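What you are looking at is a predicted structure, and each value in this text was computed from that prediction instead of being measured. Naming: A, B, ... by sequence-line order, numbering from 1 per chain.
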There are 2 protein chains.
Amino acid sequence: MEAKEILKQHIAKTATLTDEQFDYFFSHFKPQSYKKGQMVISEGDKVDNEYFVLSGCLKAFFINDDIKMYILQFAMPTWWTSDYGALYNQTGATISIDCITDAEVLCLSNHDREKICSELHQAEHFFRWRTNRGYLASQKRLLSFMNNDTKARYEELLTLYPQLYNLVPKHLIAAYLGVSRETLSRLYQAHK
Amino acid sequence: MEAKEILKQHIAKTATLTDEQFDYFFSHFKPQSYKKGQMVISEGDKVDNEYFVLSGCLKAFFINDDIKMYILQFAMPTWWTSDYGALYNQTGATISIDCITDAEVLCLSNHDREKICSELHQAEHFFRWRTNRGYLASQKRLLSFMNNDTKARYEELLTLYPQLYNLVPKHLIAAYLGVSRETLSRLYQAHK
DNA sequence: GGCAGAATGTGATGTACATCACGCAGGCAC
DNA sequence: GTGCCTGCGTGATGTACATCACATTCTGCC
């Protein structure tokens, strides 16, 4: 399926746009291809775009002072990703994004998003709902962090996204769960 | 300051409404008073409203199977709170809300929010931005959870909301930080 | 093929936390 | 006053994790 159709079906789930309106909406997106391992946003960068994933898998991550990495999101097809803090506040990126596999995305600039949101009420509606889903997911993950131990969170992750198991290396799964790769390795043995 | 004026100034920060539009917007809110300790949403309830806090302090919390409580949010004046998962998906509440102090709020039903969002583009704009701020805050807290130890998170919380220190009992602060009250007590001694 | 680097498993040890147990102080009802 | 409940401090012990160290397997690359 081509990019335009993927985005169209994605939007149609929450907003009602005429074909003409959608064409206008779509005209603000720029397609982009990345290779496995390529950086999309590096720490400190000025962040101008958010990204709608068409194919492949990206990760959004934070590196602390001890060079330890924490993964905020694995971004899969039809997901959106960016450093939204840096994007909205026009500050340097604190969150980096790179590609776990080759990937194709559609880029939308902050300026263009705000423009189409003000021009098309239904676009604003769509972005409200998208953000709302993100908020609920984030809150759920926070609760899971407080309430569950690593093993339960690991199983929760694999139940939700079984494709991750074969797609991404285990140390990245550990970085998502917030534990060391050694601990995850031991858990994994016990759990088999 | 009266309720209407508090809400008006709050909205004005992100959306542009004429006086007439704001009057219409405001007409959908119902004022409500609560006493200290009173429940606003109990687990399992049908959730119809979200709440804009005018005065006092509420807490939104989750109780797990071991009857352990985790606090998702201390809701202070000009904050919004609800079990948004239950509100949007029309499922029974998994998150409860009660009052740490006497409190006054404005109630907005899910139905009315969607109605005014579809009628007033600027209302939709406001709620998109509000949700976005919530999302960024939640993501920041998640990162803090993964990256920082309890002591750092405790200090972060008190820096951000110094008023909490005298307003809420320490075991609730522990429930927000996701540690036992004993651990917080020991930390607190060390930190003095 | 053969090598380098990445990914993974596993043991030994240290530590930040939970949990259980108990004591104590302040507020409130009667 | 006495009793009771809530909040808070603190010791003893257990545990889930991190960290360091090293071995092993896999994978792309020349």
Pairs where residues 172-182 of chain B contributes a residue and the test salt bridge (Lys or Arg N to Asp or Glu O under 4.0 Å) is met, not counting sequence neighbours: none
Helical bend (five base pairs per end, nearest 10°) for the helix from dG1(C)-dC30(D) to dC30(C)-dG1(D): 40°
Validation row, ring centre Phe74(A) to ring centre Tyr176(A) under 6.0 Å: yes
Whether His10(A) and Phe52(A) hold their rings parallel, tilted or perpendicular, with breakpoints at 30° and 60°: tilted
For Arg153(B), salt bridge (Lys or Arg N to Asp or Glu O under 4.0 Å) partners two or more places apart: none
Partner set under salt bridge (Lys or Arg N to Asp or Glu O under 4.0 Å) for Asp112(A), not counting sequence neighbours: none
Verdict with reasoning, Asp102(A) to Lys35(A), per salt bridge (Lys or Arg N to Asp or Glu O under 4.0 Å): CA-CA 4 Å; Asp102(A) 289 357; Lys35(A) 288 286 166 199; 3.8 Å; yes
Joint hydrophobic cluster, Tyr135(A) plus Leu87(B), side-chain heavy atoms closer than 4.5 Å: yes
Test item: side-chain donor near acceptor, Tyr24(B) and Glu119(B), under 3.5 Å: yes
Ser55(B) and Glu104(B) side chains, donor-acceptor separation under 3.5 Å: yes
Interface residues of residues 167-174 of chain B with DNA chain D (non-hydrogen, below 4.0 angstrom): Pro169(B), Lys170(B), His171(B)
Length of the line joining Ile100(A):CD1 and dA6(C):P, which is rounded to integer Å: 16 Å
Summary of protein contacts for nucleotides 13-30 of chain D, nucleotide by nucleotide, where a base hit scores B, a sugar-phosphate-only hit scores S (4.0 Å, heavy atoms): ----SSBBB---------
Tyr161(B) and Tyr165(B) aromatic centres sub-6.0 Å: no
